[in-house]
Asker: 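Provided herewith is a single structure, encoded as structure tokens, for subsequent inquiry.
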Amino acid sequence: MARKILQARNIILALLIGECVLLFGLYLLLNGPMLFAFAVYALIKNIFLFIVLAYLTYLVETNNMSVADALDVDAKNALIFGGIALIQYDETRNVVWTSDLFKEMNINIVGVKLLEWQPHLASLFEDEDIKVVDIKGKKFEAYNSKETKLIYLKDVTQFLSLQQDYLDQQVCMAYITIDNYEETLENADEPKMAMIQAKSRQVIVDWAYSNGIIIRRFKSGGYLAFFNERIYKKQVENKFAILDTFKEMSRELDEVMTLSIGIGRDSRVLRELDDMASAALNLTYSRGGDQVAVKSGDDNVKFFGGNSDTFEKSSKVRARVIAQSLAGLIKNSSQVLIMGHKNSDLDSFGASLGVAKIAKAYGKKTNIVVDLDSIEKKTKDVVTIVKSDERYKGLIVTYTEAMERINKNTLLIIVDNHKPSLAISSALLERVRNKVIIDHHRRGEEFIEAPVLTYLEPAASSTVELVVELCDYQNVDLNINELDATIMYAGMLVDTNNFKQRVGVRTFQSAAQLKELQANVTQAYEFLEDSYEDTLKKLSITQEAYQYNDYILIACGQENQEYSRTMLAKASNSMLEVSSIKASFTIGRVSKTMVALSARSAKDINVQIIMENMGGGGHFSMAAAQFENQSIEEVRVLLEEKIKEYLDDRGEV
């Protein structure tokens, strides 16, 4: 402002002087008395105006000192007081001058290469505007003025410390429940019951008090906890050791109990924390328990633990309740559509047949949605047999045909899948309002939106097992024939690796029930037989397997060879039979643009966690992932990285 006033003063002075010169010049040329009088008047007037302008300029200059003028008084103290440091560098980025703050900090870097002293400042010469660097234990924000070759540094140590303290004091909320608690108490006598209650509560309460956590029991085997971010980070660092501590106590009591913990964080609204913690706890239930799920605002869900396989529940109360609810939904619908997942296997198709029998028993128009372009070869052969049988006329439709039949009362039942990305038709999911999910996979973060009924039971061996149990509680004759029972039996064989993995009492009960329904066991095994060529392909994969460590095998197919997903799974299963091997992984190309990875494990390694970290999912002991536009070698390198991360998290080499 002062500068502009001075510029205006100079212009006015030039005009006043010009006026006087002009009038006296005219007088000298024309020698008129009137011109002389005007010239004298102009001179006196302009002298007066000049005096006024000079006084006004003095006032402006006195009361409008610039920042630069003020700093000239004591720039050193001003910069030090403000925690501001300056660094001048030359064309070769050598430090040529530093401000007085560096002298106060006993730092002499004149003549030193700037980036040798602080390599992190390199980003300031690229795209980054501001960079926080550490100088002698203090935090400075750095800004680079490329035009003047000057680095500006501002001390933000206190601000960052206060910010960190604020973040560390944010409230987290958790729901903690004991898995299998009620059933354990039911099967214990009075002394053992008292010991289980006392020991389990003591472990949880001792952990909470030793970590500064506020905890209260809100039901039998259920606790509500509050703590801050600093305590949460401490638990993350030790991988929520309470999970292992509790399991160790359970083993000492010769019982099978674990903890499920759902945590809500990153919100200042208590209602939101409660909703997130409750949703996280439900996630741990659907994934089999023995783990911690953390929901943080809009961030992805984080999981910790999950190092135990799910344990089978002896009670079938939930199956009965789900069966009755499903029957009610079917009765209130106009028609029923049943859909599995992409690359359907016999568990998916067998479960679809079982659900179709339930829907038909209630007199509803029923169709199974199948995509013959996205189906495993053995399943496709079985579908062909079914389509050629008159008893199934009109049962199987494409997703295009199904779309034409939808109305507002259509019921869509999704089996063996809960992820929209794996559905045969995403358009069906969007069009149908009433959806039911029946699945045995551990729940992932991706989930079909707003189902009216969900039956997710990761302890089950297969979806067929769940469907057979649902059939038990229907009050109508289901008319399951021998081909239905045989295909469903084959589905159980697929997902249990011929009853070698993930089997429990209820698994064999379901298998026995299918046998009573005249399932042809010999034919079921024939459905799964490999051709001579496929057998050679499988052998060519497994014979190239190598040991990642003493108990993990990895096999890779040929880059120019395509394999079926079933073959990759069978290769992993066969490698798991090798002595001392706890986990096996098979990588192979399933199409020109897609590489698939099949993972299998014994009870000690959770391959689901490894596959989830690679974008896939599945069960504790059976999981998979697939990769677009990547080579087998790229997937193998990524797999080794994720295995190492998993083992490092567990403290294993």
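All values reported here derive from a predicted model rather than from experimental measurement.
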Asker: Is the closest side-chain donor-acceptor distance between Ser462 and Asp495 under 3.5 Å?
Answerer: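 No, Asp495 and Ser462 have no side-chain donor paired with an acceptor closer than 3.5 Å.
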Asker: Is it the case that Asp484 and Tyr392 place a side-chain donor and acceptor less than 3.5 Å from each other?
Answerer: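 There is such a pair between these side chains.
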Asker: Decide yes or no on side chain to side chain contact (heavy atoms under 4.5 Å, CB included) for Ile338 and Leu353, but give the supporting numbers first.
Answerer: CA-CA 9 Å; Ile338 305 161; Leu353 281 176; over 6 Å; no
Asker: For this output row, return yes or no: ring centroids of Phe499 and Tyr489 closer than 6.0 angstrom.
Answerer: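 Judged by ring-centre distance (under 6.0 Å), Phe499 and Tyr489 do meet the cut-off.
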Asker: Taking the basic N atoms (NZ, or NE/NH1/NH2) and the acidic carboxylate oxygens, is any pair closer than 4.0 Å for Glu577 and Lys500?
Answerer: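 The answer is yes: the pair qualifies as a salt bridge.
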Asker: Taking atom types as modelled, find out whether Thr177 and Ser260 have a side-chain donor-acceptor pair closer than 3.5 angstrom.
Answerer: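 On atom types as modelled, these side chains do not qualify, holding no pair under 3.5 Å.
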Asker: Run the salt bridge (charged side-chain N to carboxylate O under 4.0 Å, His left out) check on Arg565 and Glu376 step by step: do they pass?
Answerer: CA-CA 8 Å; Arg565 287 176 172 79; Glu376 291 185 349; over 6 Å; no
Asker: For the atom pair CG (Leu514) and CG (Leu517), what is the distance rounded to the nearest 0.5 Å?
Answerer: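 Taking CG in Leu514 and CG in Leu517, the distance rounds to 6.0 Å.
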Asker: Establish, from distance only, whether the side-chain atoms of Gln513 and Asp472 form a donor-acceptor pair under 3.5 Å.
Answerer: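 Distance-only check passes for Gln513 and Asp472.
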Asker: Is Lys642 salt-bridged to Glu645, going by a charged N under 4.0 Å from an acidic O?
Answerer: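 Salt bridge present between Lys642 and Glu645.
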Asker: Using a strict 4.0 Å threshold on nitrogen-to-oxygen distance, state whether Lys377 and Asp381 make a salt bridge.
Answerer: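 Answer for the salt bridge query: yes.
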Asker: In terms of heavy-atom contacts, does CD of Glu449 have more than 12 from other residues, nucleotides or ligands at under 6.0 Å?
Answerer: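 No, not enclosed.
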Asker: Is there side-chain contact between Arg405 and Thr410, with heavy atoms separated by less than 4.5 Å?
Answerer: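 In short, these two side chains do not touch, never coming nearer than 4.5 Å.
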Asker: Could you walk me through whether Thr258 and Asp179 pass the side-chain hydrogen bond (donor to acceptor under 3.5 Å, both in side chains) test, one step at a time?
Answerer: CA-CA 5 Å; Thr258 55; Asp179 305 321; 2.6 Å; yes
Asker: Quick one: does Ser333's side chain have a donor or acceptor within less than 3.5 Å of a partner on Val336's backbone?
Answerer: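 Side chain of Ser333 to backbone of Val336: no pair is present.
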Asker: Can you confirm whether the side chains of Ser510 and Glu465 place a donor and an acceptor under 3.5 Å from each other?
Answerer: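 No, because no side-chain N or O of Ser510 sits under 3.5 Å from a partner of the opposite role on Glu465.
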Asker: Got a donor-acceptor contact below 3.5 angstrom from the Asn332 side chain to the Gly328 backbone?
Answerer: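 Judged by distance alone, yes, a pair lies under 3.5 Å.
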Asker: Side chains of Asn475 and Tyr362 only: does a donor on one sit below 3.5 Å from an acceptor on the other?
Answerer: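 The criterion, which ignores hydrogens and geometry beyond distance, is not satisfied for Tyr362 and Asn475.
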Asker: Would you compute the distance between atom OG1 of Thr454 and atom CD1 of Ile414 and round it to the nearest 0.5 angstrom?
Answerer: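 Rounded to the nearest 0.5 Å, the OG1-CD1 separation comes to 9.0 Å.
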Asker: Just wondering, more than 12 heavy atoms not from Tyr285 lying within 6.0 Å of its OH?
Answerer: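 More than 12 heavy atoms, drawn from other residues, nucleotides or ligands, come within 6.0 Å of this atom.
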Asker: Does the side chain of Gln558 come under 3.5 Å of the side chain of Arg589 through a donor N or O and an acceptor N or O?
Answerer: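 Checked: Gln558/Arg589 side chains show no N/O donor-acceptor pair below 3.5 Å.
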Asker: Using 0.5 Å steps for rounding, measure from the CD atom of Glu457 to the CG atom of Asp439.
Answerer: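 Rounded to the nearest 0.5 Å, the CD-CG separation comes out at 11.0 Å.
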Asker: How about Thr284 and Gln291: does a side-chain donor come under 3.5 Å of a side-chain acceptor?
Answerer: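 There is no such pair between these side chains.
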Asker: Is it the case that the side chain of Thr586 and the backbone of Ala555 share a donor-acceptor pair, with hydrogens and angles ignored and the cut-off at 3.5 Å?
Answerer: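 No.
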Asker: Between the side chains of Asp416 and His440, is a donor N or O closer than 3.5 angstrom to an acceptor N or O?
Answerer: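 Per modelled atom types, Asp416 and His440 side chains form a pair under 3.5 Å.
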Asker: Checking the side chain of Asn520 only, and the main-chain atoms of Thr486 only, is there a donor and an acceptor separated by less than 3.5 Å?
Answerer: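 It does not hold such a pair.
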Asker: Determine, step by step, whether Lys644 and Tyr548 satisfy the side chain to side chain contact (heavy atoms under 4.5 Å, CB included) criterion, reporting the C-alpha distance in whole Å, the side-chain angles of both residues, the deciding distance to 0.1 Å, and the verdict.
Answerer: CA-CA 10 Å; Lys644 184 178 185 303; Tyr548 172 81; 3.5 Å; yes
Asker: Begin from the C-alpha positions of Leu553 and Phe585 and carry the test side chain to side chain contact (heavy atoms under 4.5 Å, CB included) through to its verdict.
Answerer: CA-CA 6 Å; Leu553 284 176; Phe585 302 86; over 6 Å; no
Asker: Does a donor on one side chain sit under 3.5 Å from an acceptor on the other, for Ser250 and Glu255?
Answerer: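 No.
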Asker: Are side-chain N/O atoms of Glu446 and Ser421 paired as donor and acceptor at under 3.5 Å?
Answerer: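 Yes - a donor-acceptor pair under 3.5 Å links their side chains.
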Asker: Under 4.0 Å between a side-chain nitrogen and a carboxylate oxygen: does that hold for Asp345 and Lys378?
Answerer: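 A salt bridge is absent here (no side-chain N lies under 4.0 Å from a carboxylate O).
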Asker: When you compare the side chains of Ser334 and Asn407, does any donor N or O come within less than 3.5 Å of an acceptor on the partner?
Answerer: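 Side chains of Ser334 and Asn407: pair found under 3.5 Å.
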Asker: Between Arg636 and Tyr546, do the side chains contain a donor N or O and an acceptor N or O under 3.5 Å apart?
Answerer: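 Judged by distance alone, the side chains do pair up.
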Asker: Please name the residue in the list Val386, Thr379, Ile396 that meets the side chain to side chain contact (heavy atoms under 4.5 Å, CB included) test with Val370.
Answerer: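 Exactly one candidate clears the test, Ile396.
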Asker: Treating Thr366 as the side-chain partner and Lys364 as the backbone partner, does any N or O pair qualify as donor plus acceptor under 3.5 Å?
Answerer: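 Here the side-chain-to-backbone pair exists.
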Asker: Would one find more than 12 heavy atoms of other residues, nucleotides or ligands at under 6.0 Å from atom NZ of Lys302?
Answerer: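 12 or below, so no.
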Asker: Are any side-chain N or O atoms of Gln474 and backbone N or O atoms of Cys471, one a donor and one an acceptor, separated by less than 3.5 Å?
Answerer: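 The answer is no, because no donor-acceptor pair under 3.5 Å joins these two groups.
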Asker: Does Asp371 come within less than 4.0 Å of Lys342, counting only side-chain N to carboxylate O?
Answerer: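 So Asp371 does not pair with Lys342 through a salt bridge.
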Asker: Could you tell me the separation between the CD1 atom of Ile587 and the CD atom of Gln626, rounded to the nearest 0.5 Å?
Answerer: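 Output value for this atom pair is 14.0 Å.
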Asker: Hey, mind stepping through Tyr455 and Val415 against side chain to side chain contact (heavy atoms under 4.5 Å, CB included) and telling me if it holds?
Answerer: CA-CA 10 Å; Tyr455 188 24; Val415 297; over 6 Å; no
Asker: Once rounded to the nearest 0.5 Å, what's the spacing between atom CG of Leu639 and atom CD of Glu634?
Answerer: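 The CG atom of Leu639 sits 13.5 Å away from the CD atom of Glu634.
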Asker: May I ask you to say whether Glu404 pairs ionically with Arg431, meaning some side-chain N is under 4.0 Å from a carboxylate O?
Answerer: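 No, Glu404 and Arg431 are not salt-bridged.
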Asker: Say whether, by atom type as modelled, one donor and one acceptor occur between the side chain of Ser344 and the main chain of Gly340 under 3.5 angstrom.
Answerer: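 No: the side chain of Ser344 does not pair with the backbone of Gly340.
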Asker: Please round to the nearest 0.5 Å and tell me the distance separating atom CE of Met257 and atom OH of Tyr181.
Answerer: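 Going from CE on Met257 over to OH on Tyr181, the span is 7.5 Å.
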